Amino acid sequence: MAKFDALIFDLDGTLSDSVPMILRSSQATHEKMGLSWNEEAAKSFIGRPMYETAAEFAPGREQEYMDNFREYNFLYLPKMIRPFAGIPTLVDKLQEAEVPMCIVTSRLQWGADWSAEILGVQDYFVKIFGIEASEKHKPDPEPALLALAEMKIPATDTQKTAFIGDAAVDIACGKAAGMQTIGVGWGVGSKEELLVAGADYYVADVNALARLLLL
């Protein structure tokens with residue numbers, strides 16, 4: 001038995017242990033372009049659309065930045081990402097409980113699909129929504145509402161659904177869509193950041209998440 005009628009998962013830092021790969025790609029991009037690089041600053045942009053990151057770190061050179069970052073992502077993604085321990089088992093149990101699930105991510109669609117394939121979780125989700133799927137992006141509710149519609153959840157009936165993510169933008173997106181929100185403690189966001197963003201629940205590890213989702 002499941003606590004929620006439908007679930008939306010973030011990808012990077014929630015399902016996928018991909019933060020080291022993202023930071024490696026970021027650092028390589030900055031080095032190639034002769035830009036200064038700060039790990040904490042780079043971390044603060046994880047989960048946000050790439051064009052926002054490019055505008056912040058390489059104003060006037062945004063397309064060059066995005067092209068380089070994509071090149072390094074393509075190189076490092078298959079070598080470095082893996083699912084967080086317990087995630088494959090959890091999504092399998094949720095599927096057994098017949099809980100519809102989607103992924104909403106700020107990653108480009110090709111990277112989101114490829115990541116899910118590498119992680120071995122692509123078949124568990126009704127649909128994977130990459131950045132191209134919506135005109136507006138997290139923290140705006142649009143991608144979450146599109147995912148809920150894909151799972152046949154009306155926008156007026158979202159109270160028993162949940163958005164699960166590791167960053168404040170995930171929490172903001174879910175709340176704006178009228179969903180309950182779950183902040184996870186194994187990604188980029190601190191417990192304080194997630195709670196300040198308004199997370200209804202905070203879980204420190206995947207076992208705690210499983211206990212919350214599966215009654």
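Note that the coordinates shown come from a computational prediction; the quantities given were computed from them, not determined experimentally.
Taking NZ from Lys79 and CD1 from Ile81, the interatomic distance works out to 13.5 Å, rounded to the nearest 0.5 Å. To the nearest 0.5 Å, the span separating CE on Met151 from SG on Cys102 amounts to 4.0 Å. Interatomic distance, CE of Met101 versus CG of Leu213, reported as 9.5 Å (0.5 Å rounding). Atom OH of residue Tyr124 and atom NZ of residue Lys93 lie 12.0 Å apart, to the nearest 0.5 angstrom. Residue Ile103 holds its CD1 atom at 9.0 Å from OG of Ser115, rounded to the nearest 0.5 Å. Rounded to the nearest 0.5 Å, atoms CG (Leu145) and NZ (Lys136) are 11.0 Å apart.
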**Study point:** Leu119 vs Phe84, side-chain contact (heavy atoms from CB on, under 4.5 Å): CA-CA, chis, key distance, verdict
**Key:** CA-CA 9 Å; Leu119 298 174; Phe84 285 103; over 6 Å; no
Check your understanding: When you look at Leu195 and Tyr202, which way does the side-chain contact (heavy atoms from CB on, under 4.5 Å) test go after all the steps?
Key -> CA-CA 7 Å; Leu195 293 177; Tyr202 174 82; 4.1 Å; yes
Exercise for review: Just do the side-chain contact (heavy atoms from CB on, under 4.5 Å) check on Thr105 and Ile131 with the steps written out, would you?
Suggested key: CA-CA 6 Å; Thr105 176; Ile131 193 76; over 6 Å; no
Practice item. Show the numbers, then the answer: is there a side-chain contact (heavy atoms from CB on, under 4.5 Å) between Tyr201 and Leu212? Key: CA-CA 9 Å; Tyr201 303 90; Leu212 174 62; 3.8 Å; yes
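Taking the side chain as every heavy atom from C-beta outward, Pro49 and His137 approach each other to under 4.5 Å. Phe4 has its side chain out of reach of Met179: every pair of non-hydrogen atoms, C-beta onward, lies at least 4.5 Å apart. Val19 places none of its side-chain heavy atoms less than 4.5 Å from the side chain of Asp12. Taking the side chain as every heavy atom from C-beta outward, Phe129 and Leu11 never approach each other to under 4.5 Å.
The pair Arg61-Glu64 counts as a salt bridge, with a side-chain nitrogen and a carboxylate oxygen less than 4.0 angstrom apart.
One hydrophobic cluster, built from ILVMFWY side chains closer than 4.5 Å, cannot hold both Leu148 and Ile128; they sit in different ones. One hydrophobic cluster holds both Val99 and Ile182 under the rule that ILVMFWY side chains link at heavy-atom gaps under 4.5 Å. When hydrophobic clusters are built by joining Ile, Leu, Val, Met, Phe, Trp and Tyr residues whose side-chain heavy atoms come closer than 4.5 Å, directly or via intermediates, Val121 is not grouped with Ile8. By the rule that hydrophobic residues join a cluster once side-chain heavy atoms approach within less than 4.5 Å of another member, Phe125 and Leu146 end up as members of separate clusters. Side-chain heavy atoms closer than 4.5 Å link hydrophobic residues (I, L, V, M, F, W, Y) into clusters, and following such links, possibly through other members, connects Met50 to Leu77.
With hydrogens and angles ignored, the 3.5 Å screen pairs a side-chain donor or acceptor of Lys175 with a backbone N or O of Gly198. No side-chain donor-acceptor contact under 3.5 Å links Glu56 to the backbone of Tyr51. Judged by distance alone, the side chain of Glu62 and the main-chain N or O of Gly60 form a donor-acceptor pair under 3.5 Å. Under the 3.5 Å distance criterion, the side-chain polar atoms of Ser134 are left unmatched by any main-chain donor or acceptor of Glu142. The backbone N or O of Pro88 sits nowhere less than 3.5 Å from a side-chain atom of Asp92 that would complete a donor-acceptor pair. Between the side chain of Asp200 and the backbone N or O of Thr181 there is at least one donor-acceptor pair closer than 3.5 Å. Side chain of Glu193 to main chain of Ser190: a donor-acceptor pair is present (N/O by atom type, distance under 3.5 Å, no hydrogens or angles). Glu132 contributes a side-chain N or O that, together with a main-chain N or O of Gln109, makes up a donor-acceptor pair within less than 3.5 Å. One N or O on the side chain of Ser44 and one on the backbone of Ala41 form a donor-acceptor pair closer than 3.5 Å.
At least one test fails for Lys43 against the ring of Phe45: distance under 6.0 Å to the centre or angle within 45° of the axis.
Of all the heavy atoms in Ile171 and Ala197, the pair that sits closest is CG2-O, 3.6 Å. Considering all non-hydrogen atoms of both residues, Val188 and Ala167 come closest at CG2-CB, 4.3 Å. When all heavy atoms of Phe163 and Asp10 are compared, the pair lying nearest together is CE2-N, 4.3 Å. Leu214 and Ala97 make their closest contact through CD2-CB, 4.2 Å (heavy atoms, listed as atom of the first residue, atom of the second, distance). Taking both residues in full, the closest heavy atoms of Ala147 and Val104 are given as CB-CG2, 3.9 Å, listed atom of the first, atom of the second, then distance. For Val169 against Lys138, the heavy-atom pair with the smallest separation is O-CB, 4.0 Å.
Residues in residues 157-169 take part in these side chain to side chain donor-acceptor pair (under 3.5 Å) pairs, two or more places apart or across chains: Thr14-Asp166.
Cluster partners of Val196, using a side-chain heavy-atom cutoff of under 4.5 Å among ILVMFWY residues and allowing indirect links: none.
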Compile the donor-acceptor pairs under 3.5 Å between side chains in residues 20-31 and protein atoms, sequence neighbours left out, one pair per line.
| unit_1 | atom_1 | unit_2 | atom_2 | d |
| --- | --- | --- | --- | --- |
| Ser25 | OG | Met21 | O | 3.0 |
| Ser25 | OG | Asn73 | ND2 | 2.9 |
| Ser26 | OG | Trp37 | NE1 | 2.8 |
| Thr29 | OG1 | Ser25 | O | 2.8 |
| Thr29 | OG1 | Phe69 | N | 3.4 |
| His30 | ND1 | Ser36 | O | 2.7 |
| His30 | NE2 | Tyr65 | OH | 2.8 |

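By the 30° and 60° cut-offs, the orientation of the rings of Phe74 relative to Trp110 is tilted.
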